[in-house]
Number of protein chains: 2
Amino acid sequence: MDNLLKYIRSLTSFSDGSWELLQPVLTKKEFKKNELLLRQGQVCNSLFYIDNGYCKSYYEIDGVVKNTGFFFENEIATNINSFGNGQKSEFNIVACEPLTTIIFNKDKLFKTAQQANEIETLGRNCIRLFATKQEEFSTLFKLYSAQERLEYLETKHPEILQRVSLSQLASFLGVARETLSRIRKRRVLG
Amino acid sequence: MDNLLKYIRSLTSFSDGSWELLQPVLTKKEFKKNELLLRQGQVCNSLFYIDNGYCKSYYEIDGVVKNTGFFFENEIATNINSFGNGQKSEFNIVACEPLTTIIFNKDKLFKTAQQANEIETLGRNCIRLFATKQEEFSTLFKLYSAQERLEYLETKHPEILQRVSLSQLASFLGVARETLSRIRKRRVLG
DNA sequence: ATAATTATGTGACGTTTATCACAGGTCTGA
DNA sequence: TCAGACCTGTGATAAACGTCACATAATTAT
């Protein structure tokens, strides 16, 4: 839980009392590699704080897997639309490595947040980080070519390239696996 | 202000008292067509509730304009990263029509939110909607081709196609103006 | 250890897209 | 009403990309 508390305090002022109040909201849960955190069609009632390992969100369309996001240590993974609106999730979240998470239960979180303003503020800041990340990657496709998107990741998010295989990265960058292989080759040579 | 109050109450329960408390946070402001709401390099200290008209966010790179978002009535426009972290904005927001907005002042909003939990909750829900929208459009590029992205807008967001010109839409869809023109022709015929 | 699975690289080929150039249409302000 | 600005369409051509096929690592499971 130490990592989580540090994470929270990097976002917002958080008293020891708020941390105590938050405890009943939290559950530690481990996932094996390839185990699902969220299944398509389910409603997402959790925020998953990633304590160790990483996971990804993906759509499965006509039997083809398309990765839409990767979530590493000290990030929150969730389906923000499903979590907020109670709608069924259109995508899955799966552990890519053995994964340690701390789960925020939605109902308990909302009830506790009504009692403690610091917890409400924490929720706002978690969502804000999520929105910032989404905006960042959404913009990439409008501004840059596939090669430029790869270069962006190399400079701004090298951890993704270090931990995610080329095949997994391809659909996230919006190109075919073979194309990404060739882009990478061009860059190593040129 | 009527539209704003309806908008707020569609998001969260909001007492008359909270609405009174919120008033000093709000300023009504009108923009002429092509007037900037936010300029690249500035820090964004506002949430712009769109009461009437629409605006867009755009990057200007090597003299070329790339549109990254459109914001219509009953939406909040802002730079979520700049607003939340106090960093300089990397893009502009400009009125595409004569525009009526209601501006939330950041400092006043934060101070008022500490006093009234309903206002803090409102802030969280505004950001949540923003995150949901970003995620939606981010996913489009990973799942669909340019033609499929256009079809998605036709079914899910027809208001964009009705009000935004083809030239303006092209960079938002991540294709050249000429390509979008040809895609549209293919679709009308086929 | 070995078989099976998964990941990567590469060639061939067809499709899609970007870019440049230019023509005609529409809107708008002086 | 007329000039300038913007918008849309279209042809030609080159570049980028997707798909299929197959070979070769590298990893994983038994």
Side-chain angles (χ1 to χ4, degrees), chain A residues 31-35 53-54 56 58-67 70 94-99 140-154 160-190, chain B residues 32-35 53-54 56 58-67 70 94-98 140-154 160-190:
Chain A
F31 294 88
K32 295 172 192 167
K33 182 174 176 176
N34 296 326
E35 198 176 348
Y54 79 96
K56 68 171 188 180
Y58 71 96
Y59 287 65
E60 197 166 344
I61 298 182
D62 300 332
V64 180
V65 169
K66 307 247 184 180
N67 300 322
F70 295 98
V94 68
C96 300
E97 297 177 349
L99 188 68
L140 278 186
F141 288 90
K142 293 159 187 160
L143 300 185
Y144 302 131
S145 68
Q147 175 163 347
E148 289 169 328
R149 295 198 291 277
L150 176 61
E151 291 168 5
Y152 182 91
L153 287 195
E154 285 174 344
I160 297 184
L161 297 178
Q162 284 158 19
R163 295 178 71 180
V164 176
S165 75
L166 181 144
S167 303
Q168 295 298 312
L169 195 64
S171 57
F172 179 74
L173 283 173
V175 294
R177 177 186 65 77
E178 297 91 333
T179 301
L180 184 55
S181 174
R182 287 172 180 129
I183 288 175
R184 194 165 72 169
K185 185 186 176 191
R186 282 208 303 269
R187 282 192 45 71
V188 172
L189 299 178
Chain B
K32 295 173 191 166
K33 182 174 176 176
N34 296 326
E35 199 177 347
Y54 80 97
K56 69 170 187 180
Y58 70 97
Y59 287 65
E60 198 167 343
I61 298 181
D62 299 333
V64 179
V65 168
K66 308 248 184 180
N67 300 321
F70 295 98
V94 68
C96 300
E97 295 178 349
L140 279 186
F141 289 90
K142 292 159 187 160
L143 300 185
Y144 302 131
S145 68
Q147 176 164 345
E148 289 169 328
R149 294 199 291 276
L150 177 62
E151 291 168 5
Y152 182 91
L153 286 195
E154 284 173 345
I160 296 184
L161 297 177
Q162 285 158 19
R163 295 178 72 179
V164 177
S165 74
L166 181 144
S167 303
Q168 295 298 312
L169 195 63
S171 57
F172 180 74
L173 283 173
V175 294
R177 178 186 64 77
E178 298 91 331
T179 301
L180 184 55
S181 173
R182 289 173 179 128
I183 288 174
R184 194 165 70 171
K185 185 186 175 190
R186 282 208 304 268
R187 282 192 44 70
V188 173
L189 299 178

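Note that the structure is a prediction, hence the values are computed from the model and not measured. Throughout, a chain's letter reflects where its sequence line sits, starting with A, and its residues are numbered from 1.
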Handout entry: Where chain A begins and ends its contact with DNA chain C, read 5' to 3' at 4.0 Å from heavy atoms
Key = C/dA7 to C/dA12
Exercise for the section: Nearest whole angstrom, please: distance from the P of D/dG9 to the CD1 of B/Ile183. Expected result: 12 Å
Completion exercise
Rounded to the nearest 0.5 Å, the CG atom of A/Leu166 sits from the CD1 atom of A/Ile183 at a distance of 9.5 Å
Practice task
Return the value, rounded to whole Å, for the distance between atom OH of B/Tyr144 and atom C1' of D/dG18.
Solution key: 19 Å
Exercise for the section: Ignoring backbone atoms, establish whether B/Lys185 has a side-chain N or O less than 4.0 Å from OP1 or OP2 of D/dG9. Expected result: no
Exercise for the section: Going by the salt bridge (Lys or Arg N to Asp or Glu O under 4.0 Å) test, name the single residue among B/Arg163, B/Lys32, B/Lys56 that passes it with B/Glu97. Expected result: B/Arg163
Practice task
For B/Tyr58, check ring-ring contact (aromatic ring centres under 6.0 Å, His included) against everything at least two apart and list the hits.
Solution key: none
Practice task
Go through the structure and list residues passing ring-ring contact (aromatic ring centres under 6.0 Å, His included) with B/Phe141, not counting sequence neighbours.
Solution key: A/Phe141
Practice task
Report, as yes or no, whether the 6.0 Å neighbourhood of atom OH on A/Tyr59 holds more than 12 heavy atoms from other residues, nucleotides or ligands.
Solution key: yes
Practice task
Check whether any side-chain heavy atom of A/Leu161 lies under 4.5 Å from a side-chain heavy atom of A/Leu150, and answer yes or no.
Solution key: yes
Problem - Five-pair end axes of the helix from C/dA1-D/dT30 to C/dA30-D/dT1, angle between them (10°) - result: 60°
Exercise for the section: Count the heavy atoms of every other residue, nucleotide or ligand shown that sit under 6.0 Å from OH of B/Tyr152, and state whether that count exceeds 12. Expected result: yes
Problem - Atom-to-atom span, CZ of B/Phe141 to C1' of D/dC17 - whole angstrom - result: 16 Å
Problem - N/O donor-acceptor pair under 3.5 Å between B/Arg149 side chain and B/Tyr144 backbone - result: yes
Exercise for the section: Send over the distance from B/Lys33 NZ to D/dA5 C1', rounded to a whole Å. Expected result: 11 Å
Problem - B/Val164 and B/Asn67, any side-chain heavy atoms less than 4.5 Å apart - result: no
Practice task
Taking only the side-chain heavy atoms of B/Arg182 (C-beta and beyond), determine which of D/dC17, D/dA12, D/dT28 contains the nearest atom.
Solution key: D/dA12
Problem - Any donor-acceptor pair under 3.5 Å from B/Gln168 side chain to B/Ser165 backbone - result: no
Completion exercise
For A/Glu60, the side-chain hydrogen bond (donor to acceptor under 3.5 Å, both in side chains) test, sequence neighbours excluded, returns none
Exercise for the section: Using heavy atoms and a sub-4.0 Å distance, could you list which residues of residues 170-181 of chain B are near DNA chain C? By number, please. Expected result: B/Gly174, B/Val175, B/Ala176, B/Glu178, B/Thr179
